[in-house]
Amino acid sequence: MQAPPTLPRRHRRSRALGLAALAASLLMAFPTAQPAFGDAAEEVPGGGDLGPNVLVFDPSTPDIQGKVDEIFEKQESAQFGSDRYALMFKPGTYDDINAQIGFYTSIAGLGLNPDDTTFNGDVTVDAGWFDGNATQNFWRSAENLALNPVSGTNRWAVSQAAPFRRMHVKGGLNLAPDGYGWASGGYIADSKIDGEVGPYSQQQWYTRDSSIGGWGNGVWNMTFSGVEGAPAQSFPEPPYTTLDSTPVSREKPFLYLDGDDYKVFVPAKRTDARGTTWANGTPEGESIPLDRFYVVKPGATAQTINAAVEQGLHLLFTPGVYHVDEPIEIDRADTVALGLGLATIIPDNGVTAIKVGDVDGVKLAGLLVDAGPVNSETLVEVGPDGASADHAANPTSLQDVFVRIGGAGPGKATTSIVVNSDDTIIDHTWVWRADHGEGVGWETNRADYGVHVKGDDVLATGLFVEHFNKYDVRWSGENGRTIFFQNEKAYDAPDQAAIQNGDIKGYAGYKVDDSVTTHEGWGMGSYCFFNVDPTIRQQHGFQAPVKPGVKFHDLLVVSLGGQGQYEHVINDTGSPTSGTTTVPSQVVSFP
């Protein structure tokens, strides 16, 4: 098994700056109750109810199955709908439940540990709505539950943006739809599956810091880090990339009940993590009472949200769609901004949706950012341009933060996510320029760049970025690391000239700048499907400087159905794809 080496830090920060940042973070870590704009400003209240779209159940709730079925009927095929739901289950045992999970629906237990909330039943995702094809089963989640599946195996047939976190399956887990149609997932973290995980038709999958009873097969790219029971390293046959541990990780914050009181648990950072956080009982971390959160509900303005943050409150976004006419600015260390039920933020008039300061320990989690019709230069910014503070001890993290340009309607953004702050953790993101839905076209939902990393020592675990007009990922910072990457180039390129990059045919799916001296990646794939002009040739899926400190392990490119071709895997290395068969072209390592 491969274990990522400890990389040297780039020593470009002064000790004085580090001490100043530390002092500032200590001061900002403790929320205050001061008004946002002087004594005359109205204080934003903390706490309160969770709104109408958070449905809370306990074992005595009548007709639980009927209520869950009602939500599923509304959401099963509502791919670009505006309703959002969170189904929350208090600790206890629930019998004869089959919770089918549709679009924009999250299901979660409200215990501190997954085993506190047990279903004698299933949490199911299938693809009947799409004729057995699971490649569009996006935007849903399951968290913090224990399952005793009725048949012995639970089905979770999903593609991108559908995390399975902190789950205990007391049986097997099937990741394919009924009939074993196509699927393009997916992500598991901090979970225990007692039996075997069967990916079957899943093209790729990433599993992190978990425990599994076995793994059934692989199609193109199955990547594991810190997973007990993971298959041995064997890429490309079978296509398993296995790292013994995850170098840095911190699990997603989650809502739970302490007696009758709601709190948010914020798990502690782990280094060289392996296995779940909860295997030995209560996980390490901090509990924050709900009254220290501004409970954001539809209709809230960016001004009120920002006032709450300045006042010292964290943010809990209830399920809904939020329009903002100025950026949500989080410039206080250790602020938690947690969304329930795929809470969605839409920037109006070309503003940036979320800006995070160059401060320690901000947690963005469970949010969908949907581009507006007026072009935004950026949608999410982590740290201002030129950020330089050292956050190694307490990094900012993005977890289940998804971005969409088009699909639900016209949307444009030059760059979706920009990471300027050092040491940031990007843990499971799907950044998607829509290839179907409303407002889709080469210029209609123009979006040149998906993710641009400028900060040093940034780690991405579970990076899904698709269909951008130019680079999907560009990495400019030093000591970057990516464990698992899934990419598709833009389907709708009109012709070869539209994607020409100087003398290079097409923009790489993942580019490391020539100035970078140290970078590493594991388990990374780029696919093409040029359905407007199948004669297009993409020179490579990956582009990077040839230097001793720049290393890639287990890369592949795929031509989907022969609609366009790759000439190489990385730079001018690796065999080309060919013909009309969907067969990956693989290079085991680079250089």
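T117 approaches K90 most closely through the heavy-atom pair CG2-O, 3.6 Å. Nearest heavy atom pair, residue P253 against residue K363, reads CG-CB, 4.1 Å. The shortest heavy-atom contact between E329 and V309 is O-CG1, 3.9 Å. Minimum heavy-atom separation, Q202 to V219: O-CG2, 3.1 Å. The two residues V150 and G121 come nearest to each other via the heavy atoms CG2-CA, 3.9 Å. Between D209 and E251, the shortest heavy-atom distance links the atoms OD2-OE2, 3.9 Å.
Side-chain contact between P247 and I483 is present, with at least one heavy-atom pair separated by less than 4.5 Å. Counting heavy atoms from C-beta outward, L145 and V123 have side chains that approach closer than 4.5 Å.
Outside the 6.0 Å centre-distance limit, the rings of W430 and F402 are not counted as a close aromatic pair. Between W205 and W220, the gap from one ring centroid to the other reaches at least 6.0 Å. For H428 and F484, the distance between ring centers is not under 6.0 angstrom. When ring centroids are compared, F89 and Y94 come within the 6.0 Å threshold.
Here D95 contributes atom CG and T118 contributes atom OG1; the two are 10.0 Å apart, rounded to the nearest 0.5 Å. We find the CZ-CE distance between F485 and M524 to be 6.0 Å, quoted to the nearest 0.5 Å. To the nearest 0.5 Å, the span separating CH2 on W139 from CG on L342 amounts to 9.0 Å. The distance from atom OG of S421 to atom NZ of K454, rounded to the nearest 0.5 Å, is 12.0 Å. Summarising the geometry, atom CD1 belonging to I188 is positioned 11.5 Å from atom CG belonging to D190; distances are rounded to the nearest 0.5 Å. In this structure, T277 OG1 and R270 CZ are separated by 6.0 Å, a value rounded to the nearest 0.5 Å.
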- Tell me, with the steps shown, if T424 and T396 meet side-chain hydrogen bond (donor to acceptor under 3.5 Å, both in side chains). CA-CA 5 Å; T424 300; T396 284; 5.5 Å; no
- Task: Under the salt bridge (Lys or Arg N to Asp or Glu O under 4.0 Å) rule, what do K192 and D194 come out as? Steps first, then yes or no, please.
- Result: CA-CA 6 Å; K192 186 176 190 296; D194 294 349; 2.6 Å; yes
- Criterion side-chain hydrogen bond (donor to acceptor under 3.5 Å, both in side chains) on Q233 and D554, from CA distance to verdict: CA-CA 10 Å; Q233 169 70 31; D554 305 354; 2.9 Å; yes
- So Y322 and F317, ring-ring contact (aromatic ring centres under 6.0 Å, His included) or not? Walk me through it. CA-CA 9 Å; Y322 300 86; F317 289 84; 5.5 Å; yes
- Task: Step by step, work out the side-chain hydrogen bond (donor to acceptor under 3.5 Å, both in side chains) result for Q136 and S159.
- Result: CA-CA 6 Å; Q136 293 184 24; S159 288; over 6 Å; no
- What's the verdict on side-chain hydrogen bond (donor to acceptor under 3.5 Å, both in side chains) for Q399 and D427, showing C-alpha distance, side-chain angles and the deciding distance? CA-CA 5 Å; Q399 298 180 294; D427 178 46; 3.1 Å; yes
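Crowding of Q65 atom CD: a count of heavy atoms from other residues, nucleotides or ligands under 6.0 Å exceeding 12.
Applying side-chain contact (heavy atoms from CB on, under 4.5 Å) to Y262 and the options L316, D291, L255, V295 leaves one that passes, L255. Across W215, F235, Y206, W522, a single residue satisfies ring pair (Phe, Tyr, Trp, His ring centres under 6.0 Å) together with F224, and that is W215.
A salt bridge is defined here as a Lys NZ or Arg NE, NH1 or NH2 lying under 4.0 Å from an Asp or Glu carboxylate O, and R274 with D244 meets this definition.
Cation-pi check for R481 over W475 is not met; the charged atom does not lie both under 6.0 angstrom from the ring centroid and within 45 degrees of its normal. A cation-pi geometry, defined here as NZ or CZ lying under 6.0 Å from the six-membered ring centre and within 45° of its normal, holds between R140 and F103.
Without hydrogens or angle criteria, K297 side chain to L50 main chain gives no donor-acceptor distance under 3.5 Å.
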